[in-house]
Amino acid sequence: MSTPITVAYGDGIGPEIMEAVLSILREAEAKISVDVIEIGERVYNKKWSHGISPSGWESIERTKILLKSPTTTPQGKGHKSLNVALRKNLELYANIRPCISYHPVIESKFDKFDVVVIRENEEDVYTGIEHRLTGDSYQCTKIITRPGSEKICRCAFEYAKKYNREKVTCLTKDNIMKMTDGAFHAAFDCIAKEYPDIKAEHYIVDIGIARVATEPEKFDVIVTENLYGDILSDIVAQTSGSVGLAGSSNIGSEYAMFEAVHGSAPDIAGKNMANPSGLLNAAVHMLIYTGQVGTAKLIYDAWLKTLEDGIHTADLYKEKRSKQKVGTKKFAEAVVDNLGKKPTTLSELIVGSSLDSKVNKTQGDFNQSYKIRKLVGSDITLAWNKSADFDQIVKLFESSNLKIIAIYSKGLAIWPGSPKSLSDQITCRFIANNEKKTITNSDINSLLVKLEENSFDVVKMDKLYLYDGKEGFFS
Ligand code: NAD
């Protein structure tokens with residue numbers, strides 16, 4: 001039985017590479033039935049602000065699988081990123097990007113390089129929650145949830161299991177962001193215990209990325225948060241040889257999207273020059289996702305053999321290593337001719353026997369991870385254009401239900417003691433000033449009213465809780 005998939009030809013080189021890839025899938029007898037939708041520039045121009053029409057969404061909702069060519073995001077106001085819309089609407093929480101060096105066939109900086117970057121796709125600073133607090137201060141909110149972190153870490157270990165990988169490395173900055181990155185790291189440690197046969201390690205992200213860039217052979221599967229993953233996956237893709245080679249999978253609990261890593265390359269569009277390999281690799285992973293492992297391997301082997309034969313598109317062509325410079329169509333024909341043949345130098349695709357496991361949605365559900373939560377204070381941020389004399393504000397609350405125990409500027413304690421730096425906003429830490437060391441929301445409301453009555457300009461308020469006695473805030 002064939003699997004229905006939605007196919008989008010996209011912009012720029014998109015239609016050429018999609019034609020090439022579909023011709024290879026057809027000849028390899030992939031069991032897919034294709035529903036074509038329009039996305040990108042022409043749809044943006046029809047005033048669908050995300051570059052996809054309602055009928056496009058309907059098709060994806062029906063098939064649950066999208067094979068997508070790159071699109072051009074039009075400049076100017078009113079247009080929203082199609083990829084962000086797809087990721088958010090389809091809840092594609094995992095971006096999986098295998099990056100491999102094809103040494104000695106393709107020139108690359110490293111001989112041995114086979115790294116898979118698994119990037120969390122829904123959380124972190126990419127939620128777009130940003131605020132201007134004052135004239136000179138801006139804030140971006142980083143959201144990390146325990147279920148979201150568990151889901152992506154489980155996805156990484158499941159990937160390692162399925163593709164016979166030995167190690168999963170987690171990258172965070174939990175030496176600085178102890179709560180958000182600390183939660184991600186803790187989720188990783190917890191999930192790692194369920195996979196005793198796979199080695200688990202953690203690096204602080206800066207040294208981790210430096211090591212990936214200099215000793216990539218020491219890494220296998222890497223799992224990390226959205227922003228670090230965004231930066232890392234481009235570094236890894238660049239190091240591996242050509243932007244035209246890598247494909248990526250975006251996986252959710254219900255939907256999946258497969259695409260090349262590169263963009264629509266308008267500079268070479270319509271010239272029959274584009275390398276279809278990135279999209280072909282994405283399609284190979286789509287076939288594995290649909291359970292067609294044999295067909296995926298057949299195509300991947302034929303593609304490797306074509307590279308070994310020295311049949312290269314212009315982006316890969318080197319006089320010393322290549323034999324024939326070909327266009328997009330001829331490259332696809334060469335891959336078709338090689339169906340059934342095996343590569344002799346390059347490594348074949350290793351896929352375990354189980355089907356690509358879609359991570360069970362319930363595994364990421366919210367469970368209350370504490371018994372008692374106690375409200376003990378509030379951090380209140382004020383716009384501040386005065387001197388560093390804080391006595392007036394501290395005295396004002398000395399005998400209230402909440403008193404100031406510290407004042408911070410950009411996270412640095414500037415009271416008590418002498419202020420080292422001052423910005424145009426300060427944060428006053430108010431803590432319960434009674435025997436029970438507990439307060440209510442009404443206490444915080446009264447505090448806000450009193451600040452306003454005394455002409456202090458409140459721009460932000462955060463509550464301070466103890467979770468089973470443990471501080472849920474920085475100190
Ligand atoms: P790009 O990846 O399109 O091109 C960068 C360079 O790589 C260009 O010189 C291009 O010719 C070359 N290149 C890219 N793919 C190639 C291939 N398959 N074969 C041979 N050479 C290839 O990046 P860009 O120029 O920054 O972006 C162009 C457009 O693509 C922009 O509108 C951008 O928003 C969009 N874009 C879309 C996606 C997506 O849809 N997923 C991703 C990235 C960029």
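Just so you know, ligand 1 is whichever comes first in the structure, and atom 1 is the first atom listed for that ligand. In this chain, residues are counted from 1 in sequence order.
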State the atoms of ligand 1, each with its element, that fall below the 4.0 Å cut-off from a heavy-atom position in [X].
X    : result
E259 : 41 (N)
K68  : 39 (C), 40 (O), 41 (N)
T71  : 30 (O), 35 (C), 36 (N), 37 (C), 40 (O)
I268 : 11 (O), 20 (C), 21 (N)
P266 : 28 (C)
D315 : 20 (C)

cation_pi(R119, Y126) dist<6.0 Å, angle<=45 =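 Here R119 passes the 6.0 Å and 45° test against Y126.
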Mutual orientation of the aromatic rings belonging to F188 and H185 [parallel < 30°, tilted 30-60°, perpendicular > 60°] =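 Because their plane-to-plane angle lies in the 30° to 60° range, the rings of F188 and H185 count as tilted.
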Look at the rings of Y195 and F157 and say which category their plane angle falls in: under 30° parallel, 30 to 60° tilted, over 60° perpendicular.
->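 Ring orientation, 0 to 90° scale: parallel.
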Between E348 and K342, is there a salt bridge with N-O shorter than 4.0 Å?
->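 Result for this pair is yes, salt bridge flagged.
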Using a strict 4.0 Å threshold on nitrogen-to-oxygen distance, state whether R62 and E58 make a salt bridge.
->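 Salt bridge: no.
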Closest non-hydrogen atom pair, L171 against G208 |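 So the two residues come closest at CD2-CA, 3.9 Å.
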Where V117 and S233 come nearest, the two heavy atoms and their spacing =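 Where V117 meets S233 most closely, the heavy atoms are CG1-CB, 4.1 Å.
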Starting from the C-alpha separation in whole Å, work towards a yes-or-no answer on side chain to side chain contact (heavy atoms under 4.5 Å, CB included) for F474 and D379.
-> CA-CA 10 Å; F474 78 95; D379 277 347; 3.7 Å; yes
What do you reckon, does M273 put a non-hydrogen atom under 4.0 Å from ligand 1?
->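 Contact absent.
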Say whether A274 and ligand 1 are in contact under the criterion: heavy-atom distance to a ligand atom below 4.0 Å.
->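 Right, A274 reaches ligand 1.
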Tell me which one of D267, N83, L316 gets a heavy atom nearest to atom 11 (O) of ligand 1.
->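 Answer by nearest heavy atom: D267.
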Just go through G12, G263, A265, P276 and tell me whose heavy atom is the nearest to atom 42 (C) of ligand 1.
->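 Selected option, by shortest heavy-atom distance: G263.
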May I ask you to check if ligand 1 and S69 share an N or O to N or O distance below 3.5 Å?
->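 No - when backbone and side-chain N and O of S69 are compared with those of ligand 1, no distance drops under 3.5 Å.
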Residue portion contacting ligand 1 (non-hydrogen atoms closer than 4.0 Å) for L82 |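 For L82, there is no contact with ligand 1 at all, from either part.
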